[in-house]
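On a predicted model such as this, the values are computed, not experimentally measured, just so you know.
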Amino acid sequence: MNKSTLPLPPPVFLLIGVVAVSFSSILIKWSEAPASILGMYRLLFTVLLFLPFLPWREMKILFKNSTLKEWLMLAVSGVFLGLHFLFWMESFSHTTVASAMILTALEPVFVVIGAYFLFKEKTSKVGIISILIAVSGSVIIASGDIGVSKTALYGDLLSVLGTVAVSVHMLAGQELCRKMPSIIYSFAVFLIGGLVLFVYNICTNVSLTQYDIKDWWIFLLLALIPNIFGHALFNWLLKYVDATTISMAILGEPIGAIILAYFLLGEMTTVSQLVGGMIVMISVMIFLKYKAAELEKVMALQEKSNIS
């Protein structure tokens, strides 16, 4: 890790990124626009913000030499990113910020399950136990929301579907991220995801333009704050900080969102959300730390074999 070239210590940038992504749920709650519109403009406005910084010559060579399989995986990654925003953003219309955000912390769980079935990647007993505990935490959250209303439970389901969708997006793109710069990959999948939501809005007769000036500012802020100062910043930090550290930092998003929701939206957190949320967060933290330790062992063995 080349941390010396950073103008500030890595934790400062990680904190900026976590605060930025935490504002996503608040901005969604502040808008009265449909989720499909919020997601579409969030993605397409981000694409526009990327344009001045794209390495066009490298993109041309990269896309020219890409295989059919790589094009298909890029399409799948982009489509499921669009579906993630559709489901996840819609969940905020039915449930609280706390429930919707905590359930997104299950993403590593779904990624591991998908990796097992798609790539035959095995998980240790500790990993499996962590997954089961995390799922039990999400069940506690959902059971508490049953007592609130059926609408809240529906919102929880949408949040889980959004998390499954973003997990497919991650699995489809994991090999592509190793072969192309993060800005090119992000630009491509954001464009595809935005176009998917554009088609969805056209097919469902959702207006593309009839929104208040407040909503248009929110569309732009969603692209600028959580996408550019959040997710794009995390991608850039991968040059200096390991992926596990970033994954652990992103777990701060639900906590940040819940705190912001309390002060900016007046949303209170229920006992089931607190208990279930703590279970989910702790189990996912244990899982990520254990995966990091496993990765270090594998890398150490590879170094030994190379030396010998």
Side-chain angles (χ1 to χ4, degrees), residues 17 20-21 24 27-28 35-90 104 107-108 110-111 114-115 118-119 159 161-202 219-239 243 246-247 250 253:
V21 294
S24 179
L27 291 169
I28 293 167
S36 56
I37 288 294
L38 283 164
M40 183 188 77
Y41 282 120
R42 174 175 177 171
L43 291 169
L44 295 182
F45 280 6
T46 306
V47 167
L48 293 176
L49 292 171
F50 274 157
L51 285 177
F53 307 100
L54 289 172
W56 293 101
R57 184 178 297 179
E58 190 175 355
M59 280 182 63
K60 185 177 179 181
I61 296 170
L62 193 62
F63 288 140
K64 185 178 180 182
N65 297 329
S66 296
T67 64
L68 177 61
K69 179 185 176 183
E70 289 169 344
W71 278 106
L72 287 173
M73 296 307 287
L74 190 65
V76 169
S77 182
V79 167
F80 276 90
L81 180 63
L83 292 175
H84 159 67
F85 281 119
L86 178 63
F87 292 133
W88 181 68
M89 287 182 162
E90 180 63 25
T104 61
E107 181 186 334
F110 293 125
V111 169
L118 295 173
F119 308 119
S159 182
L161 287 175
T163 306
V164 171
V166 78
S167 301
V168 176
H169 156 71
M170 295 291 291
L171 288 167
Q174 66 178 10
E175 287 188 20
L176 295 172
C177 288
R178 300 188 188 108
K179 297 178 181 179
M180 62 178 68
S182 62
I183 189 170
I184 295 178
Y185 171 74
S186 297
F187 174 81
V189 294
F190 281 12
L191 179 60
I192 294 168
L195 292 176
V196 166
L197 292 177
F198 172 77
V199 172
Y200 174 87
N201 289 322
I202 293 297
F219 301 157
L220 179 59
L221 289 173
L222 279 168
L224 189 62
I225 298 176
N227 275 15
I228 300 298
F229 285 98
H231 298 295
L233 179 62
F234 288 138
N235 290 337
W236 173 71
L237 279 174
L238 283 171
K239 297 178 182 178
I246 291 177
S247 297
I250 293 174
E253 180 184 358

Enquirer: Hey, does Val189 have a side-chain heavy atom less than 4.5 Å from the side chain of Leu74?
Expert: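 Of all side-chain heavy-atom pairs linking Val189 with Leu74, at least one is under 4.5 Å.
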
Enquirer: Tell me if the CE atom of Met170 is crowded by more than 12 foreign heavy atoms within 6.0 Å.
Expert: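 No.
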
Enquirer: Do Pro181 and Leu62 have side chains that approach each other closer than 4.5 Å (heavy atoms only, starting at C-beta)?
Expert: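 They are in contact (side-chain heavy atoms under 4.5 Å apart), so the answer is yes.
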
Enquirer: Going by the angle between their ring planes, with limits at 30° and 60°, are Phe45 and Phe219 parallel, tilted or perpendicular?
Expert: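 Phe45 and Phe219: perpendicular rings.
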
Enquirer: Here's a test for you: under side-chain contact (heavy atoms from CB on, under 4.5 Å), which of Leu86, Leu43, Ile192, Val76 qualifies with Leu81?
Expert: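 Checked Leu86, Leu43, Ile192, Val76 against Leu81; only one passes side-chain contact (heavy atoms from CB on, under 4.5 Å): Leu43.
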
Enquirer: Please tell me if the side chains of Ser186 and His231 come closer than 4.5 Å, counting only heavy atoms from C-beta onward.
Expert: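 Heavy-atom side-chain distance check fails, nothing below 4.5 Å.
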
Enquirer: Are side-chain heavy atoms of Leu83 and Leu161 found at a separation under 4.5 Å?
Expert: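 When only atoms from C-beta onward are counted, Leu161 and Leu83 do not touch, as no gap falls below 4.5 Å.
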
Enquirer: Is it the case that over 12 heavy atoms from other parts of the model lie below 6.0 angstrom from the OH atom of Tyr41?
Expert: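 Yes, because the 6.0 Å sphere around OH of Tyr41 holds more than 12 heavy atoms from other groups.
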
Enquirer: Kindly indicate, with the supporting measurements, whether the criterion side chain to side chain contact (heavy atoms under 4.5 Å, CB included) is fulfilled by Phe63 and Ile184.
Expert: CA-CA 10 Å; Phe63 288 140; Ile184 295 178; 3.9 Å; yes

Enquirer: Measuring only between side-chain heavy atoms, which start at C-beta, is Leu191 closer than 4.5 Å to Phe50?
Expert: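 A side-chain contact is absent here, since even the closest heavy-atom pair is not under 4.5 Å.
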
Enquirer: For the atom pair OG (Ser182) and CZ (Phe234), what is the distance rounded to the nearest 0.5 Å?
Expert: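 Here the interatomic distance stands at 13.5 Å.
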
Enquirer: Please work out whether the ring planes of Phe187 and Trp56 are parallel, tilted or perpendicular, with thresholds of 30° and 60°.
Expert: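 It falls in the perpendicular class, over 60°.
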
Enquirer: Can you check side chain to side chain contact (heavy atoms under 4.5 Å, CB included) on Lys69 and Leu72, steps first, answer last?
Expert: CA-CA 5 Å; Lys69 179 185 176 183; Leu72 287 173; 5.6 Å; no

Enquirer: Please report the shortest heavy-atom distance between Ser167 and Phe110, naming the atom on each side.
Expert: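 For Ser167 and Phe110, the tightest heavy-atom pair comes out as OG-CB, 3.2 Å.
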
Enquirer: Locate the shortest heavy-atom distance separating Pro226 from Leu27; write the atom from each residue and the value.
Expert: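 Residues Pro226 and Leu27, closest heavy atoms: CD-CD1, 4.4 Å.
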
Enquirer: Under 4.5 Å between any side-chain heavy atoms of His169 and Val166, yes or no?
Expert: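 Answer yes - side chains close enough.
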
Enquirer: Tell me whether the rings of His84 and Trp88 are parallel (<30°), tilted (30 to 60°) or perpendicular (>60°).
Expert: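 Geometry flag for Trp88 against His84: parallel rings.
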
Enquirer: Give a yes or no answer on whether the side chain of Ser77 reaches the backbone of Met73 with a donor-acceptor pair at less than 3.5 Å.
Expert: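 Side chain of Ser77 to backbone of Met73, a donor-acceptor pair under 3.5 Å: no, none is there.
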
Enquirer: Report the distance from atom CG of Leu197 to atom CD1 of Ile37, rounding to the nearest 0.5 Å.
Expert: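 The distance works out to 8.5 Å.
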
Enquirer: Mind checking the CG-CG spacing from Asn227 to Leu224? Nearest 0.5 Å is all I need.
Expert: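 Asn227 CG to Leu224 CG: 9.5 Å, rounded to 0.5 Å.
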
Enquirer: Take a 6.0 Å sphere around CZ of Phe198 and say whether it holds more than 12 heavy atoms from other residues, nucleotides or ligands.
Expert: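 Counting other residues, nucleotides and ligands, CZ of Phe198 stays at 12 neighbours or fewer.
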
Enquirer: Can you name the closest pair of heavy atoms from Ala165 and Phe80 and give their distance?
Expert: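 Heavy atoms only, the tightest pair is O-CB, 3.4 Å.
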
Enquirer: Do Leu222 and Met89 have side chains that approach each other closer than 4.5 Å (heavy atoms only, starting at C-beta)?
Expert: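 Yes - at least one pair of side-chain heavy atoms lies under 4.5 Å apart.
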
Enquirer: Would you compute the distance between atom OG1 of Thr46 and atom CG of Leu51 and round it to the nearest 0.5 angstrom?
Expert: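 Between atom OG1 of Thr46 and atom CG of Leu51 there are 11.0 Å.
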
